[in-house]
Amino acid sequence: MAQEVLTDRLLRSWLRCKRRAWLDRHGDASQRLWTAHRALALSDQLAAFQTLLPEKPGRGEPACAAGAPGVVGLRLAGSGPAGLTLQAHPPLLERVAGISVWGDHAYRPVLGRQGRNLTREHRLVLALWGRLLAERQGAPVPEALVVAGSGRGLQRERLKLTGGLQAQLEEALPRLATDLGRPQPPPLVADRKKCVLCSWRGLCDREAAREGHLSEVSGIGGKRREMLLDLGITSLEQLAAADPRQLAEALAVHGEQHRDSAAALVAQARVQAAGRPERLQPETPAAANPLPELAQAPGVLLLDIESDPDARDDFLHGFVAVPRLGDGTWPRLGDAPWRYQPLLALQHHGEARLWRRLSRVLARYPDWPLLHYGETESIALVRLAQRQGADAQEIARLRSRLLDVHARLRRHWRLPVNSYGLKAVASWIGFRWSQPGVDGARCLLWWRQWRRDGGRARLQRIFTYNRDDNLATWTVARWLLDQGPGG
Ligand code: SF4
């Protein structure tokens, strides 16, 4: 067993993914990618802490000795089971009643929670902080405080650190040490959805592609992968070679939906293995065209919404107007000046004003279909119209204009991509975002920073990202048009 130091960060990584902790310790740091999620989590935590303790906190041991209400920067160390050396750096300590080496007061650790619920990761990391803090202050730490939100929306939750939680920690730490001592990294995590939040995703994506990991097949999550592994299918190539009927029968024990999905999974694996797209058979000849609404349209409006999901705030509705060219054809990227119109929706301006502005844009292009990628935009727009009292006729008209390019693509084509998200599909076609490496989380971070500190450049980056998403949507629509009669 490795006797190196175990930190709270390693424990947290390990609880998310064993491979991640191993890479944190042994991986090539230059392979790490910056991730906006961590920056978002830290800025949320800071907002919660500032609401909890508005005064500037003290720093380190002198602040503890002086009895500061809040303390940051105290590094803790101690020993764990089997002689393991432990270190931790809680982001905030809050003064509580008690007697400690620092006098007539003691401290408890505080954590800013991400997400709606406390997870095992939160609990065990808090248990580690509590254990080391108790050693340092010479007084027990029976509970921790967990906060989320900010301002009047601050939520507080107390977590007992004694009993079962310490037993779980005792059991987890030696296993963490053993995993860190392995000569090779542990395998990729079973459910790779969580990889989008991880700084090692670039390295692991390449590894998944190299080994033909089953998670590379679009439509296979952690649960389906387990089922396929049980059947002896361990890679994309093996799935591509499987007999769909036999697989359907074998998966039927897990439920009808898995039986029904077998043929599509094998077909998807085959398309990915071959690297060639496949046109799906239309149900009727009349249904062969994926975008019939464009046949007579004078132009299309592209729409992409940026949201802050925690605040339930659709803060930006970005439009691009794409008129049909004089010769009746549709433009390609680079053919035409693209008129981008961002509508920024500040919550304090109210929804009624947003709806009036949106209605004006929609009315300026009355017969133009409204293209978007995924169902988010249509759901958000129709709900907004309903809340604003649009009548049944208006709603029906709005619905008839909305055209989900993602849904049309899925109905008509199977592509050699590991995801049908806009980034993967448009990139496969050849579209390049003008700000490389930017994703929705980074855009959200810019938005929150802009709201706090302003800055024209930040807003411009958000607009550029949003405009690019619209152009990527057009790239996919254009690709469908380019596939000849029947799209
Ligand atoms: S990218 Fe995924 S598999 Fe790789 S270390 Fe991170 S969470 Fe684990």
Side-chain angles (χ1 to χ4, degrees), residues 218 264 267-268 271 276-305 317-336 338-339 341 358-359 361-383 385 390 392-417 420-422 424-426 428-431 469-487:
S218 172
Q268 178 63 36
V271 163
R276 276 191 302 279
E278 177 188 33
R279 193 192 294 264
L280 303 178
Q281 284 303 317
E283 281 163 22
T284 62
N289 182 356
L291 302 171
E293 295 89 340
L294 270 59
Q296 302 300 325
V300 299
L301 264 187
L302 306 168
L303 168 64
D304 187 69
I305 297 178
H317 292 66
F319 292 91
V320 171
V322 184
R324 202 188 269 276
L325 297 175
D327 63 2
T329 61
W330 289 103
R332 294 174 187 284
L333 293 187
D335 274 357
W338 299 85
R339 186 172 142 70
Q341 185 169 0
L358 285 168
S359 300
V361 174
L362 297 178
R364 198 176 308 140
Y365 305 95
D367 299 317
W368 294 28
L370 200 47
L371 270 59
H372 55 97
Y373 198 90
E375 59 184 11
T376 314
E377 278 73 14
S378 54
I379 292 173
L381 212 55
V382 168
R383 285 195 184 148
Q393 219 180 351
E394 260 182 288
I395 300 278
R397 207 178 124 54
L398 179 60
R399 280 191 207 279
S400 72
R401 285 181 71 176
L402 286 160
L403 195 166
D404 181 356
V405 177
H406 170 260
R408 302 297 174 90
L409 175 74
R410 297 302 311 260
R411 207 177 300 156
H412 291 264
W413 285 91
R414 203 168 268 133
L415 301 185
V417 290
Y420 283 84
L422 181 61
V425 170
W428 173 76
I429 295 171
F431 182 79
D469 273 1
N470 272 317
L471 298 185
T473 299
W474 178 245
T475 300
V476 181
R478 198 50 256 220
W479 184 85
L480 287 170
L481 292 168
D482 281 346
Q483 304 317 303

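Any value given below was found using the heavy atoms of this structure, including those in side chains, with hydrogens, waters and symmetry copies removed. Bear in mind the structure is a predicted one, so any value in this text is a computation, not a measurement.
- A donor-acceptor pair under 3.5 Å is absent between the side-chain atoms of E293 and the main chain of R401, judged by distance alone.
- Heavy atoms from other residues, nucleotides or ligands lying under 6.0 Å from CZ of R383 number 12 at most.
- Note that the OH atom of Y420 and the CZ atom of R414 stand 7.0 Å from one another [nearest 0.5 Å].
- Between R408 and P292, the closest side-chain pair of non-hydrogen atoms falls below 4.5 Å.
- Residues L301 and L362 meet the side-chain proximity criterion, which asks for heavy atoms closer than 4.5 Å.
- In terms of heavy-atom proximity, W338 sits nearest to R332 at CZ2-O, 3.4 Å.
- Closest of all the heavy-atom pairs between T329 and R324 is O-CG, 3.4 Å.
- A distance of 9.0 Å separates CG in D404 from CZ in R411, rounded to the nearest 0.5 Å.
- Counting heavy atoms from C-beta outward, F431 and L333 have side chains that approach closer than 4.5 Å.
- Inter-residue side-chain proximity for V322 and W368 is flagged as unmet; no heavy-atom pair is nearer than 4.5 Å.
- With hydrogens and angles ignored, the 3.5 Å screen pairs a side-chain donor or acceptor of W474 with a backbone N or O of P331.
- In this structure, H406 and Y373 have perpendicular ring planes: the angle between them is above 60°, well past the 30° mark.
- Here the closest non-hydrogen pair linking N289 and L291 is OD1-N, 2.9 Å.
- For the atom pair CG (L398) and CG (L358), the distance works out to 9.5 Å, reported to the nearest 0.5 Å.
- The shortest heavy-atom contact between G299 and P369 is O-CD, 3.2 Å.
- With contacts defined as side-chain heavy-atom distances shorter than 4.5 Å, the pair H372/T473 does not qualify.
- Counting heavy atoms from C-beta outward, N470 and F319 have side chains that stay 4.5 Å or more apart.
- For E394 against A390, the heavy-atom pair with the smallest separation is OE1-CA, 3.6 Å.
- Side chains of L294 and L371 form a contact here, defined as non-hydrogen atoms less than 4.5 Å apart.
- Heavy atoms of other residues, nucleotides or ligands lying less than 6.0 angstrom from CD of E278 number more than 12.
- Every residue meeting the side-chain hydrogen bond (donor to acceptor under 3.5 Å, both in side chains) condition with R478, not counting sequence neighbours, appears here in chain and number order: D482.
- Contact record, P298 with W330: C-CH2, 4.4 Å, taken as the closest heavy-atom pair.
- Remark: R399 CZ to L370 CG distance equals 13.5 Å, nearest 0.5 Å.
- Within the 4.5 Å cutoff, side-chain heavy atoms of L303 are placed close to those of H317.
- Atom CG of L415 sits about 5.0 Å away from atom CH2 of W428, to the nearest 0.5 Å.
- Atoms CD1 and CG, from I305 and D469 in turn, are 12.0 Å apart once rounded to the nearest 0.5 Å.
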